[in-house]
2 protein chains.
Amino acid sequence: MTPRPASRSLSDAAATGVPPTAPATGAGARVTVRDVARAAGVSQPTASLVLGNHPTARVAPATRARVLAAAHALGYRPNVLARGLARGRSFALGVIVPDLRNPFFADVVSGAERVAGAAGYALLLCGAAERPAGEHLATLVSRQIDGVIIDAVNAAALDEDALAGLNVVLVDEPSEQWPGVASDALDAGRQATTHLLALGHTRLAFIGPAADVHAFRMRERGFVQRLREAGLSLPSPMLRRAPATVRGGDEAMRALLAERTRPTAVFCANDLVAIGALKRCAAAGVRVPAELSIVGCDDIEMARLVTPELTTVAVPARELGARAARLLVRQLGGEPPRARAALLPVKLVARGTSGPVS
Amino acid sequence: MTPRPASRSLSDAAATGVPPTAPATGAGARVTVRDVARAAGVSQPTASLVLGNHPTARVAPATRARVLAAAHALGYRPNVLARGLARGRSFALGVIVPDLRNPFFADVVSGAERVAGAAGYALLLCGAAERPAGEHLATLVSRQIDGVIIDAVNAAALDEDALAGLNVVLVDEPSEQWPGVASDALDAGRQATTHLLALGHTRLAFIGPAADVHAFRMRERGFVQRLREAGLSLPSPMLRRAPATVRGGDEAMRALLAERTRPTAVFCANDLVAIGALKRCAAAGVRVPAELSIVGCDDIEMARLVTPELTTVAVPARELGARAARLLVRQLGGEPPRARAALLPVKLVARGTSGPVS
DNA sequence: TTGTAAGCGTTATCAT
DNA sequence: ATGATAACGCTTACAA
């Protein structure tokens with residue numbers, strides 16, 4: 001046992017011939033405020049006052065300077081853990097996404113990381129694929145996390161107690177209870193459908209997950225809604241349930257192609273599904289878009305890389321993550337929770353997988 | 001100022017009609033060891049002893065049971081910050097990657113997260129694209145991070161002091177100074193080249209970044225090495241420098257196609273580059289693989305989604321991340337740093353972008 | 001086996 | 001303007 005911090009050998013200052021320029025945080029010997037205070041000849045709390053760079057720091061300019069000089073000379077680095085313990089905040093945010101390997105979530109996380117980092121918050125990453133979100137939440141709470149961003153994890157499933165007393169921001173999952181940021185998923189479905197209708201399609205199909213994720217439901221609803229407005233119906237074989245993955249799209253499209261009357265256009269719940277569907281078409285010798293149009297949703301990088309390039313509805317994933325983090329940061333900064341932000345607009349990007357009905 | 005934790009309203013237990021099953025961590029009133037101790041009628045350190053689940057916990061079975069019961073009843077959750085402060089460890093790992101939006105790194109991080117999470121460590125995510133790795137390192141240190149995984153960030157550039165006293169594991173960047181895990185990048189280059197040579201190609205080209213990232217250098221070296229062994233040379237126009245992105249590959253391929261004598265096969269430093277190159281060929285009307293073979297490296301999911309499917313060398317990205325985390329966890333657990341692990345094998349996956357020379 | 005006391009590095013509330 | 005003093009929640013000798 002006795003877990004040693006297993007520190008590194010620090011033997012090569014000599015080897016390089018270059019003496020450490022900075023006073024070299026002698027591996028292990030952390031410089032604390034006390035050290036700084038001692039060096040500056042002031043009391044420890046005074047040093048803390050200066051270094052905590054409070055705006056209200058009423059300290060004599062002279063001493064302040066001495067303290068800062070000492071801190072710099074010693075290479076003082078505040079211990080965020082200690083600060084967190086004392087202030088009851090950890091200056092860290094959590095982010096829970098289903099799976100980082102879905103490029104959409106990678107974007108969301110990436111955006112959140114950027115904003116969080118710039119604001120001095122660390123970002124604790126939680127993948128909900130391996131381990132249930134509830135568990136993640138528990139460990140985040142025990143880490144005194146200041147707030148958490150939850151994306152595409154059915155929030156209703158957690159409400160019970162895990163979220164109690166936590167600052168939560170939901171991504172793409174509007175809720176009475178928690179603030180959040182979301183894209184206009186309903187409009188995404190509508191735009192995609194409008195596009196296909198404009199191309200003359202009348203036999204449309206939809207592929208999407210049964211999962212209870214709000215954005216997917218709304219995309220689907222927008223699709224159905226727009227269809228109805230156009231006086232069209234959606235025969236049940238034209239509504240295929242499939243996991244929101246490439247594989248899911250592939251298999252759903254296979255089923256669709258086996259139908260008696262094939263659709264002439266398909267709207268997919270996200271780009272992964274659309275790409276899977278596209279792939280199946282290629283394998284089955286179905287020409288896209290000549291015989292079948294496909295529209296995805298998200299506009300992940302991959303969308304421009306498949307052949308033909310995927311027509312899709314662009315959703316600002318990174319911006320969603322960034323805004324979620326900003327919301328949290330603002331809230332933690334004491335600013336009152338803003339009026340519910342408007343839905344982020346989405347925009348159809350017509351590319352190569354959609355064309356006029358033949 | 002006065003940053004309020006901005007706690008949530010907790011007003012709907014009544015609305016649902018369901019009384020909180022757990023004693024409801026009354027939002028704000030954290031349950032501490034003291035509370036547990038008091039409830040169990042023991043001293044605070046005793047409770048701590050039990051709850052710290054030390055293997056060496058010499059406490060009477062009876063009291064242990066009482067403490068555990070009390071802890072359970074009160075819904076006790078240890079405060080990891082406090083524990084970290086006291087033990088001098090944070091039970092958190094950092095991971096620094098250039099950009100999460102590169103699927104390869106998303107995989108690495110994903111693998112690391114899985115292992116770290118399972119071992120009770122949190123993972124702090126740092127993207128080195130926006131903010132230099134050195135800064136990230138500084139904030140990680142101030143968070144008393146227990147270890148850090150660094151991928152594709154030129155480690156030599158940081159050595160000076162930032163890494164002092166830190167547990168570091170390098171991914172794909174062998175070093176005298178730090179332990180690490182790596183794929184067999186040299187062999188990746190060799191396998192790709194062997195494959196192309198076997199197909200009869202003699203005019204080969206390479207596209208890769210000038211960046212000083214070890215894996216890229218080695219892939220290139222393997223390529224050149226194998227070429228030499230085959231008695232072939234690499235005319236300088238056949239060595240194109242480009243950022244390791246889709247765009248980089250696209251532009252490099254454009255330059256390549258403009259050459260007087262075109263290559264018949266191209267090996268790319270990674271899949272993104274290869275996909276960019278492939279895309280350019282499609283745009284330029286160059287048939288792949290009939291006129292030009294392309295081989296990538298990494299085998300990201302995208303590789304199977306482009307048309308034709310990309311021939312590439314599979315690198316176990318997720319496994320790399322997982323092993324890096326495992327290495328760190330082991331080391332922190334007190335186990336001696338293992339003998340340098342062997343390079344992870346890579347494997348060529350022949351798909352549609354490579355074919356016999358015409 | 002258990003309780004007492006001290007300390008981790010910071011912040012915050014007081015007197016002075 | 002500054003310096004004691006007391007938290008924050010937990011761990012860990014050392015005593016009882």
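In what follows, every chain begins at residue 1, and chains take the letters A, B, ... in the order their sequences are listed. Worth saying up front: this structure is predicted, and the values here are computed from it rather than measured.
Taking atom CG of B:L49 as the reference point, atom P of D:dT12 lies 9 Å away to the nearest angstrom. For B:R89 and D:dG9, the CZ to P distance is 22 Å, given to the nearest whole Å.
B:T46 meets the side-chain hydrogen bond (donor to acceptor under 3.5 Å, both in side chains) test with B:S43; sequence neighbours excluded. The salt bridge (charged side-chain N to carboxylate O under 4.0 Å, His left out) check on A:R323 picks up A:E319, with sequence neighbours excluded. Residues meeting the side chain to side chain contact (heavy atoms under 4.5 Å, CB included) test with B:A324, sequence neighbours left out: B:I149, B:V169, B:V171, B:V181. With sequence neighbours excluded, the residues satisfying side chain to side chain contact (heavy atoms under 4.5 Å, CB included) with A:V108 are A:F104, A:D151, A:A317. Legend: residues meeting side-chain hydrogen bond (donor to acceptor under 3.5 Å, both in side chains) with A:N79, ordered by chain and number and at least two apart, are absent. Every residue meeting the side chain to side chain contact (heavy atoms under 4.5 Å, CB included) condition with B:T32, not counting sequence neighbours, appears here in chain and number order: B:R34, B:D35. Checked against side chain to side chain contact (heavy atoms under 4.5 Å, CB included), A:P78 has the following partners two or more places apart in sequence or in another chain: A:Y76, A:R83.
Sorted by first then second residue, the side-chain hydrogen bond (donor to acceptor under 3.5 Å, both in side chains) pairs that include residues 119-142 of chain A, not counting sequence neighbours, are A:R89-A:Y121, A:E130-B:R318, A:R131-A:E135.
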Please table the atom pairs, donor to acceptor, closer than 3.5 Å between any side-chain atom in residues 92-99 of chain A and protein atoms at least two apart or in another chain.
residue: A:D99; atom: OD1; partner: A:R101; partner atom: N; Å: 2.9
residue: A:D99; atom: OD1; partner: A:R101; partner atom: NE; Å: 3.2
residue: A:D99; atom: OD2; partner: A:R101; partner atom: NE; Å: 3.4
residue: A:D99; atom: OD2; partner: A:R101; partner atom: NH2; Å: 3.2

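Where B:Q144 and B:T63 each meet DNA chain C at their nearest nucleotide, the meeting point lying more 5' is that of B:T63.
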Restricting both atoms to N or O, compile the protein contacts to nucleotides 6-8 of chain D shorter than 3.5 Å, with distance only.
residue: D:dC8; atom: O2; partner: A:A86; partner atom: N; Å: 3.3

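For the pair B:S48 and D:dT11, the criterion of a side-chain N or O lying under 4.0 Å from OP1 or OP2 is met.
Shown here for A:V33 and A:Q44, the closest heavy-atom pair between the two residues is CG2-NE2, 3.6 Å. The two atoms that bring A:G41 and A:R66 nearest to each other are O-NH2, 3.9 Å, heavy atoms only.
Minimum atom distance to the side chain of A:V42 is reached by D:dG3, of the listed D:dT11, D:dA1, D:dG3.
Scanning DNA chain C 5' to 3' for nucleotides with an atom closer than 4.0 angstrom to a non-hydrogen atom of chain B gives a first and last hit of C:dT1 to C:dG9.
Rounded to 10 degrees, the angle separating the terminal axes of the helix from C:dT1-D:dA16 to C:dT16-D:dA1 is 40°, with each axis obtained from five end pairs.
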